[in-house]
Chemist: 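Below is one structure. I have some questions about it.
Model, not experiment: these values are computed from the prediction. So that the names make sense, note that chain A is the first sequence line, chain B the second, and so on, each numbered from 1. Computed over heavy atoms, backbone and side chain alike; hydrogens, waters and symmetry mates excluded.
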Amino acid sequence: MNKPEADNFIEEFIVEDLNNGKHAGRIHTRFPPEPNGYLHIGHAKAIVINFEIGKKFGGKTNLRMDDTNPSTEETHFVTAIENDIKWLGYEWEGETRYSSDYFDELYALALKLIDKGLAFVDDSTVEEIAEQKGDIDEPGSNSPYRDRPIAENRDLFERMKAGEFPDGSRVLRAKIDMAHPNLLLRDPVLYRIKHEAHHRTGDDWCIYPLYDFAHGQSDSIEEITHSLCSLEFRHHRDLYNWLIEALEIFPSRQIEFARMNVDYLVTSKRRLKKLVEEGVVSGWDDPRMGTLAGMRRKGYPAEALRNFCMRTGVTKRDNQQEFNFLEHCVREVLNEKADRYMAVLDPVKLVITNYPETTEILTSENNPEEEARGTREIPFSRELWVEREDYRKEPQNRKYFRMAPEKDVRLKAAYILHIDGHEEDNDGNVTQINATYYPESRSGNDTSGIKAKGTLHWVDAATAIDIEVRNYDKLFTDPTPMDHEDKDFMDFINPESLEVIAAKGEPALANAKAGDTFQFLRKGYYTVDEDATSEKMVFNLTCGLKSSWKG
RNA sequence: AGACCGCUAGCUCAAUUGGCUAGAGCGUCGGAUUUUGAUUCCGAAGGUUUCAGGUUCAAUCCCUGAGCGGUCUGCCA
């Protein structure tokens, strides 16, 4: 089997390991979320990197809940996380794993470290330990308990586990070097006492390992070959490697990459939570949120998100992705997948004065990009709804191809119209547009010889259904609302990020199901919201269409 | 201040690991096509590779220094 080519620096490391015959050519990655929140676009990047690398090199990818802190983790997040990953299109190896499954093994490893004289039980307080830590440019000092005999450490640690001591009274610390330039190697805390029930192990434990004594060890237990994480864990790698050597366990290799940031999307758990709690959004799955649940509800296809994550590179530099590239990826998929329907978002009545009092059934293709999507029937009659913004009261020049007095325009899948004029109320608002049609101009067999530059969407007034349309805009007025030293990100909330309107849709739209995405011709992609009922269809704006018209 | 990491078009990444006029996608601006002012197609603009030295026949790449940005002093992950 010939090895795939490396597309980024992580893959270069992998190819290098493969070439060196490391792990007999086996590749195994993992995605290790902490089940204390919902997945967002940043997680999607990590998921895609891990799973795609597994796939590309014929390897496997585990899903492991990093649940070592009983205070913050909840089981319902586990289910939500699993759903999001499946929705994104990935399948992990075997069952979902949990760091908490390894508590026994982790405890045994701690004992081993103690027996090797590389860990000690410290009676210092939180403050004292912080004090001992020293500073970034100043060496720390040894804990007075650092030289406790091994037997005493063992005894104390066993009694910590047995529940003999209160929270915070003692910790287990690695014995490394209090003068190390990497603060994480200044005798880091490995275990703490917490008399708290864990979402999975219940009251079995009252001591819990910290990240540094759980994550790497779990990687080793699962024989993960490449442990990919974000840049802020760079300093932890030294400890990660120190523990591999001290514990003599499977040597997983940690590689760090830069997190992905996207304009207008916040990904911090704290901020996301604040948006929900302050009622700025309707919930964690609000379409304006950068959560996977939110983007799914907004109608972003999983494929588009995957493409987005794959096309934005993998490097070690801080990066800020443009929102329009995300939307580009969304449109690209939807252009091919979404059927075209017509809906009028800001309806004004149009009357074809020379059209008979009958209803005619017209046919239109569902998707010009994909003939296999077939056609559908659309009723047409004398009175229609058209878009208010498509009409201008005064005659226009040739560069304008929508409706205006004396203009000829094509109605999509129907006839060419000659616009005669309009009626208006006392305030000058157009109440009705009057037009005549060219009977020989019917779509498909046009023999009229009339040319119309513009083609407009419309719905038949008699058969149109009332729909609710939720037009979403960016949640913030600034692409990086959290990056202002003098202002809080909440100061940049866009007051107009949601507009709910009553619109008119063609009758076939009544059969749509939640999650279905359509292109409303000339307007944008819209996805049926879960709030939709048989009485009232509700559509979320997924993404607008590009427009080069500078009208 | 110390350690570590990073810096190539507006944005995100390439550059066969030192070798032709430094490429691509997105964006922008033109043009063609179009029963969606969408899509598609064609074209253009856009770079002193952060800066200054050095090594070399040759530097985006190696070395030194500087600048700018990031990370690290939780019993969070």
Chemist: Nearest nucleotide by nearest heavy atom, which residue falls closer to the 5' end of RNA chain B, A:His235 or A:Pro209?
Modeler: A:His235
Chemist: Using the C1' atom in both, what is the distance from B:G69 to B:U28, to the nearest Å?
Modeler: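 Between the two C1' atoms, the distance is 27 Å.
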Chemist: Considering every strand shown, what is the Watson-Crick or G-U wobble mate of B:A15 when both distances are under 3.5 Å?
Modeler: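 Result: none.
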Chemist: Just grab all the side-chain hydrogen bond (donor to acceptor under 3.5 Å, both in side chains) pairs involving residues 542-551 of chain A, residues at least two apart or on different chains.
Modeler: A:Thr527-A:Thr542
Chemist: Under 4.0 Å, counting only non-hydrogen atoms across every strand here, what does A:Leu545 touch: a base, just sugar-phosphate, or nothing?
Modeler: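 Base contact.
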Chemist: Pick base, sugar-phosphate or nothing for A:His457, based on heavy-atom distances below 4.0 Å to the nucleic acid.
Modeler: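 A:His457: no heavy atom of the nucleic acid under 4.0 Å.
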Chemist: Return the nucleotide paired to B:G30: Watson-Crick means purine N1 to pyrimidine N3 with N6-O4 or O6-N4, wobble means G-U with N1-O2 and O6-N3, both under 3.5 Å.
Modeler: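 B:G30 is paired with B:C42.
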Chemist: Quick one: label A:Asn182 by what it contacts on the DNA or RNA (base, sugar-phosphate, nothing), any heavy atom closer than 4.0 Å.
Modeler: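 Nothing, no heavy atom under 4.0 Å.
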Chemist: Mind checking A:Ser99 for me? I need base, sugar-phosphate or nothing, with any heavy atom below 4.0 Å counting as a touch.
Modeler: nothing
Chemist: If the C1' atom of B:C68 is compared with that of B:U21, how far apart are they to the nearest Å?
Modeler: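 Roughly 31 Å separates the two C1' atoms.
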Chemist: Assign A:Lys523 to base, sugar-phosphate, or nothing according to its heavy-atom contacts below 4.0 angstrom with the strands shown.
Modeler: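 No contact at all - A:Lys523 keeps every heavy atom at 4.0 Å or more from the nucleic acid.
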Chemist: State plainly whether the residues A:Asp408 and A:Lys453 are in salt-bridge range, i.e. N to O under 4.0 Å.
Modeler: no
Chemist: If you draw the axis of the six-membered ring of A:Phe489, does the NZ or CZ of A:Arg271 fall within 45° of it and under 6.0 Å from the ring centre?
Modeler: yes
Chemist: For A:Gly444, report the nucleic acid contact type (base, sugar-phosphate, nothing); a contact means any heavy atom under 4.0 Å.
Modeler: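 Contact class for A:Gly444: base.
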Chemist: What contact category does A:Ser548 fall into here, base, sugar-phosphate, or nothing, at under 4.0 angstrom with non-hydrogen atoms?
Modeler: sugar-phosphate
Chemist: For B:C20, what is the paired nucleotide under Watson-Crick or G-U wobble rules, both distances under 3.5 Å?
Modeler: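 When the pairing criteria are applied, nothing turns out to pair with B:C20, so the answer is none.
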Chemist: Looking at every strand, decide which applies to A:Pro368 at a 4.0 Å heavy-atom threshold: base, sugar-phosphate, or nothing.
Modeler: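 Here A:Pro368 touches the bases of the nucleic acid.
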Chemist: Is A:Arg340 salt-bridged to A:Glu365, going by a charged N under 4.0 Å from an acidic O?
Modeler: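 No, A:Arg340 and A:Glu365 are not salt-bridged.
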Chemist: Under 4.0 Å, heavy atoms only, any strand: does A:Tyr211 hit a base, just the sugar-phosphate, or nothing?
Modeler: base
Chemist: What about the rings of A:Tyr525 and A:Phe518, do their centers lie closer together than 6.0 Å?
Modeler: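 Not under 6.0 Å, so no.
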Chemist: Looking at every strand, decide which applies to A:Lys133 at a 4.0 Å heavy-atom threshold: base, sugar-phosphate, or nothing.
Modeler: sugar-phosphate
Chemist: Could you tell me how far B:A77 sits from B:C72 if I compare only their C1' atoms? Round to whole Å.
Modeler: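 Their C1' atoms lie roughly 15 Å apart.
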Chemist: Pick base, sugar-phosphate or nothing for A:Ala413, based on heavy-atom distances below 4.0 Å to the nucleic acid.
Modeler: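 Base: the residue A:Ala413, judged by heavy atoms under 4.0 Å, touches a nucleobase.
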Chemist: Going 5' to 3' along RNA chain B, between which two nucleotides do contacts with chain A fall, using a heavy-atom cut-off of 4.0 Å?
Modeler: B:A1 to B:A77
Chemist: Using the P atom as the reference point in each nucleotide, state the distance between B:C62 and B:G19 in Å, no decimals.
Modeler: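 Nearest-Å result for B:C62 against B:G19 at atom P: 11 Å.
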Chemist: Could you give the distance separating B:C75 and B:C4 at their P atoms, to the nearest angstrom?
Modeler: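 One P to the other, the span is 24 Å.
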Chemist: Is there a side-chain contact between A:Leu521 and A:Gln519 (heavy atoms, below 4.5 Å)?
Modeler: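 Yes, side chains in contact.
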Chemist: Regarding A:Arg234, tell me which of base, sugar-phosphate or nothing describes its non-hydrogen contacts under 4.0 Å with the strands shown.
Modeler: sugar-phosphate
Chemist: For B:G74, does the O4'-C1'-N9-C4 (purine) or O4'-C1'-N1-C2 (pyrimidine) torsion place it in syn, i.e. within 90° of 0, or in anti?
Modeler: syn
Chemist: Could A:Arg376 and A:Glu506 be called an ion pair, given the rule that one side-chain N must be under 4.0 Å from one carboxylate O?
Modeler: yes
Chemist: Quantified in whole Å, what is the C1' atom distance between nucleotide B:G54 and nucleotide B:G43?
Modeler: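 To the nearest whole Å, 43 Å.
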Chemist: For B:G18 versus B:A58, give the span between their C1' atoms, rounded off to a whole number of Å.
Modeler: 8 Å
Chemist: Under 4.0 Å, heavy atoms only, any strand: does A:Phe401 hit a base, just the sugar-phosphate, or nothing?
Modeler: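 Since a base atom lies under 4.0 Å of A:Phe401, the category is base.
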Chemist: Is there a Watson-Crick or G-U wobble partner for B:G37 with both distances under 3.5 Å, and which nucleotide is it?
Modeler: none
Chemist: Let's test this: given Watson-Crick or G-U wobble pairing with both distances under 3.5 Å, identify the partner of B:U56.
Modeler: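 The base-pairing partner of B:U56, which may sit in any strand shown, does not exist here.
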Chemist: Partner lookup for B:G65, please. Criteria are Watson-Crick or G-U wobble with both distances under 3.5 angstrom; report none if nothing qualifies.
Modeler: B:C51
Chemist: Check whether A:Tyr264 forms a cation-pi arrangement with A:Lys474 (NZ or CZ under 6.0 Å from the six-membered ring centre, at most 45° off the ring normal).
Modeler: yes
Chemist: Given the P atoms of B:U55 and B:C42, what is the spacing between them in whole Å?
Modeler: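 It works out to 48 Å between them.
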Chemist: Check the chi torsion on B:U56 and let me know: syn if it falls within 90° of 0, anti if not.
Modeler: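 Anti conformation for B:U56.
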Chemist: Take A:Thr267 and A:Arg259 through the side-chain hydrogen bond (donor to acceptor under 3.5 Å, both in side chains) test and state the conclusion after the steps.
Modeler: CA-CA 10 Å; A:Thr267 50; A:Arg259 290 178 42 166; 3.2 Å; yes
Chemist: Please determine whether a side-chain nitrogen of the Lys or Arg among A:Lys56 and A:Glu11 lies less than 4.0 Å from a carboxylate oxygen of the Asp or Glu.
Modeler: yes
Chemist: So which nucleotide does B:U71 pair with, by the Watson-Crick or G-U wobble rule with both distances under 3.5 Å?
Modeler: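 Result: B:A3.
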Chemist: Using Watson-Crick or G-U wobble geometry with both distances under 3.5 Å, which nucleotide pairs with B:A9?
Modeler: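 Matched B:A9 with nothing under the 3.5 Å cut-off.
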Chemist: On RNA chain B, does the nearest nucleotide to A:Leu183 precede the nearest nucleotide to A:Trp549 from the 5' side, or the other way round? Give the residue.
Modeler: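 That would be A:Trp549.
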Chemist: Using a 4.0 Å heavy-atom cut-off, does A:Ser169 contact any base of the nucleic acid, only the sugar-phosphate backbone, or nothing at all?
Modeler: nothing
